[in-house]
Amino acid sequence: MSNFVRTLNRFIIEQERLYPEATGAFTALLSDIALAAKIISYHVNKAGLVDILGQAGTTNVYGEEQAKLDVFANDVLVRSLAYGGKLCAMASEESEDLIPIPDEVPMGKYVCVFDPLDGSSNIDVNVSIGTIFSIFRRVTPGDGPGQLEDLLQPGYAQVCAGYVIYGSSTMLVYTTGTGVHGFTLDPSYGEFVLSHENIKIPSKGKIYSVNESYYDYWDEGMRNYIRWAKKADPSDGRPLNSRYIGSLVADFHRNLLKGGIFLYPGDNKSPDRRKGKLRLLYEANPLAFIVEQAGGKASDGYRRILDIKPDSLHQRTPLFIGSREDVEIAEAFIQGKRKP
Ligand code: AHG
Ligand code: MN
Ligand code: MN
């Protein structure tokens with residue numbers, strides 16, 4: 001392979017040569033997402049200097065206050081994707097219903113669901129945040145506007161999934177089912193350059209990531225797992241290291257590169273938290289596709305995340321994701337098959 005700078009666009013074209021079934025539509029779609037990521041990254045890095053911090057004074061579908069950057073990132077992604085002519089519908093964490101493609105734009109054969117700004121609680125304190133996206137081929141016939149059915153597909157039907165992490169550097173990590181590849185934004189000339197080709201997650205790690213403040217609200221199996229993880233036992237490398245940033249993309253990315261498990265179980269703090277906090281369509285599914293392509297595992301404690309058939313755009317799911325052996329140990333505790 002040429003040792004010339006392998007930008008995201010060049011890499012996708014190389015991939016299209018290797019996998020003829022991949023069509024040029026991906027190049028356009030990923031370029032639209034990469035453009036949105038560059039714009040968001042520019043504003044994230046300017047946050048504090050421009051009026052983009054703080055609350056927007058609006059609320060999202062959950063009644064959660066929206067940060068200005070939530071709304072800004074959503075607007076940038078919708079605009080960047082809507083006019084590319086590759087989509088027939090979209091959905092976003094920040095919009096209650098399906099987002100239609102403007103009438104004047106030709107309908108494409110893909111749909112995209114996304115979390116425009118993940119880790120909103122960390123925006124104003126300069127901690128890494130992200131964007132998460134997931135792409136499906138439409139399933140409804142014809143070439144008219146996309147339907148809800150096109151968006152509510154099980155995760156195994158994804159054709160592309162990825163995230164952007166706005167951290168010490170801005171990285172875009174994606175998969176189209178032929179491995180996981182990471183690109184780092186070189187701001188000097190505004191290109192995403194291949195920096196992590198074919199990422200594989202270690203089969204077992206030493207990190208567990210969970211918000212332990214919910215401990216009293218967890219089911220017994222989850223409490224047993226955490227007690228096990230924290231117990232000193234040099235024979236198998238415990239206690240595990242606790243690392244929790246509070247931005248799913250940042251916690252996931254660290255564990256993807258170093259190994260480990262991220263856990264967000266359901267809890268009994270309130271009825272709407274029985275399935276946890278994270279959303280299936282635009283948080284769990286895309287990261288589950290990526291982690292499986294990297295050799296890891298993602299489940300709701302009982303079922304493979306990618307096998308769950310969504311009923312609604314914003315449905316939540318418990319999420320246990322990361323190194324395969326770590327997820328399998330957590331599942332054994334959660335299912336009551338193992339005690340500390
Ligand atoms: P979002 O900002 O898109 O709503 O996502 C926030 C999520 C996720 O990024 C993170 O893992 C989780 O919220 C943290 O939740 P807790 O504050 O309950 O730990
Ligand atoms: Mn999120
Ligand atoms: Mn979000």
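Heavy-atom basis, side chains included; hydrogens, waters and symmetry copies ignored.
Remark: Ile201 CD1 to Gln293 CD distance equals 13.0 Å, nearest 0.5 Å. Atom CG of Asp251 sits about 12.5 Å away from atom CG of Leu256, to the nearest 0.5 Å.
If you run side-chain hydrogen bond (donor to acceptor under 3.5 Å, both in side chains) between Ser270 and each of Asn268, Asp267, Asp272, only Asp272 comes through.
A donor-acceptor pair is defined here as one N or O able to donate and one able to accept, closer than 3.5 Å; such a pair exists between the side chain of Gln147 and the backbone of Pro145. The backbone N or O of Thr140 sits less than 3.5 Å from a side-chain atom of Arg138, completing a donor-acceptor pair. At distances below 3.5 Å, at least one donor-acceptor pair connects side-chain atoms of Asp118 with backbone N or O atoms of Val249. With hydrogens and angles disregarded, a donor-acceptor distance shorter than 3.5 Å links the side chain of Arg324 to the backbone of Gly296. Within the 3.5 Å criterion, the main-chain N or O of Gly221 finds no donor-acceptor partner in the side chain of Asp219. Judged by distance alone, with hydrogens and angles left aside, the side-chain atoms of Ser323 form no donor-acceptor pair with the main-chain N or O of Glu325 at under 3.5 Å. At least one donor-acceptor pair under 3.5 Å links the side chain of Gln315 to the backbone N or O of Ser312.
Residues Asn9 and Ser31 have side chains that bring a donor and an acceptor to within less than 3.5 angstrom of each other. Inspection of the Ser80 and Asp32 side chains reveals no N or O donor paired with an N or O acceptor under 3.5 Å. With 3.5 Å as the limit, one finds no donor-acceptor pair spanning the side chains of Glu191 and Thr7. Remark: the His253 side chain and the Tyr163 side chain contain an N/O donor-acceptor pair separated by less than 3.5 Å. With hydrogens and angles left out, the side-chain atoms of Thr317 and Arg279 include no donor and acceptor closer than 3.5 Å. Asn122 and Ser247 share a side-chain donor-acceptor pair at under 3.5 Å. At a cut-off of 3.5 Å, with distance as the only test, a side-chain donor of Ser209 or Asn255 sits close to an acceptor on the other residue.
Put simply, the side chain of Trp218 does not reach to within 4.5 Å of the side chain of Leu263, judged on heavy atoms. The shortest distance between side-chain heavy atoms of Asn285 and Leu306 falls below 4.5 Å. Within the 4.5 Å cutoff, the side chain of Gln153 has heavy atoms near those of the Val139 side chain. Proximity of His181 to Val173: side-chain heavy atoms (C-beta onward) are nowhere separated by under 4.5 Å. Side-chain contact check for Lys86 versus Leu81: every heavy-atom pair is 4.5 Å or farther apart. Contact of the Ile308 side chain with the Asp300 side chain is registered, since non-hydrogen atoms from C-beta on lie closer than 4.5 Å.
Val71 and Ile129 are members of different hydrophobic clusters when ILVMFWY side chains are connected at heavy-atom separations under 4.5 Å. Ile199 is not connected to Phe289 by any chain of hydrophobic side-chain contacts under 4.5 Å among Ile, Leu, Val, Met, Phe, Trp and Tyr, and they are in different clusters.
What you find for His314 and Ser95 is that their closest heavy atoms are NE2-O, 3.1 Å. Between Ile334 and Tyr302, the shortest heavy-atom distance links the atoms O-OH, 3.2 Å. Shortest non-hydrogen contact noted between Leu319 and Ala284 is CD1-CB, 4.0 Å. Here the closest non-hydrogen pair linking Leu30 and Leu8 is O-CD2, 4.3 Å.
Using a 4.0 Å cut-off between a side-chain N of Lys or Arg and a carboxylate O of Asp or Glu, Lys68 and Asp124 do not qualify as a salt bridge. Salt bridge present: Glu328 and Lys297 bring a charged side-chain N and a carboxylate O closer than 4.0 Å. A salt bridge does not link Arg303 to Glu331: none of the charged nitrogens lies less than 4.0 Å from a carboxylate oxygen. A salt bridge between Glu14 and Arg10 is absent, with no side-chain N of the basic residue lying under 4.0 Å from a carboxylate O of the acidic one.
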*When you look at Cys88 and Lys109, which way does the side-chain contact (heavy atoms from CB on, under 4.5 Å) test go after all the steps?*
CA-CA 6 Å; Cys88 59; Lys109 59 180 181 181; over 6 Å; no
*asked:* Pair Arg223, Phe333 - check side-chain contact (heavy atoms from CB on, under 4.5 Å), show working.
replied: CA-CA 9 Å; Arg223 289 205 300 271; Phe333 278 99; over 6 Å; no
*Please assess Ile99 against Ser92 for the test side-chain contact (heavy atoms from CB on, under 4.5 Å), listing each intermediate value before the final yes or no.*
CA-CA 8 Å; Ile99 302 169; Ser92 165; 3.8 Å; yes
_With side chain to side chain donor-acceptor pair (under 3.5 Å) as the criterion, how do Asp70 and Ser120 come out once you've worked through the C-alpha distance, each side chain's angles and the decisive distance to 0.1 Å?_
CA-CA 7 Å; Asp70 279 328; Ser120 306; 2.7 Å; yes
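Remark: Arg273 is positioned above the aromatic ring of Tyr214, its terminal NZ or CZ atom under 6.0 angstrom from the ring centre and at most 45 degrees off the axis. A cation-pi geometry, defined here as NZ or CZ lying under 6.0 Å from the six-membered ring centre and within 45° of its normal, does not hold between Lys38 and Tyr42.
The local environment of OH in Tyr244 is crowded, with over 12 non-hydrogen atoms from other residues, nucleotides or ligands closer than 6.0 Å. The number of heavy-atom neighbours closer than 6.0 Å to CG of Asn126, taken from other residues, nucleotides and ligands shown, is 12 or below.
Under the 6.0 Å cut-off for aromatic ring centres, Phe183 and His196 do not qualify, their centroids lying 6.0 Å or more apart.
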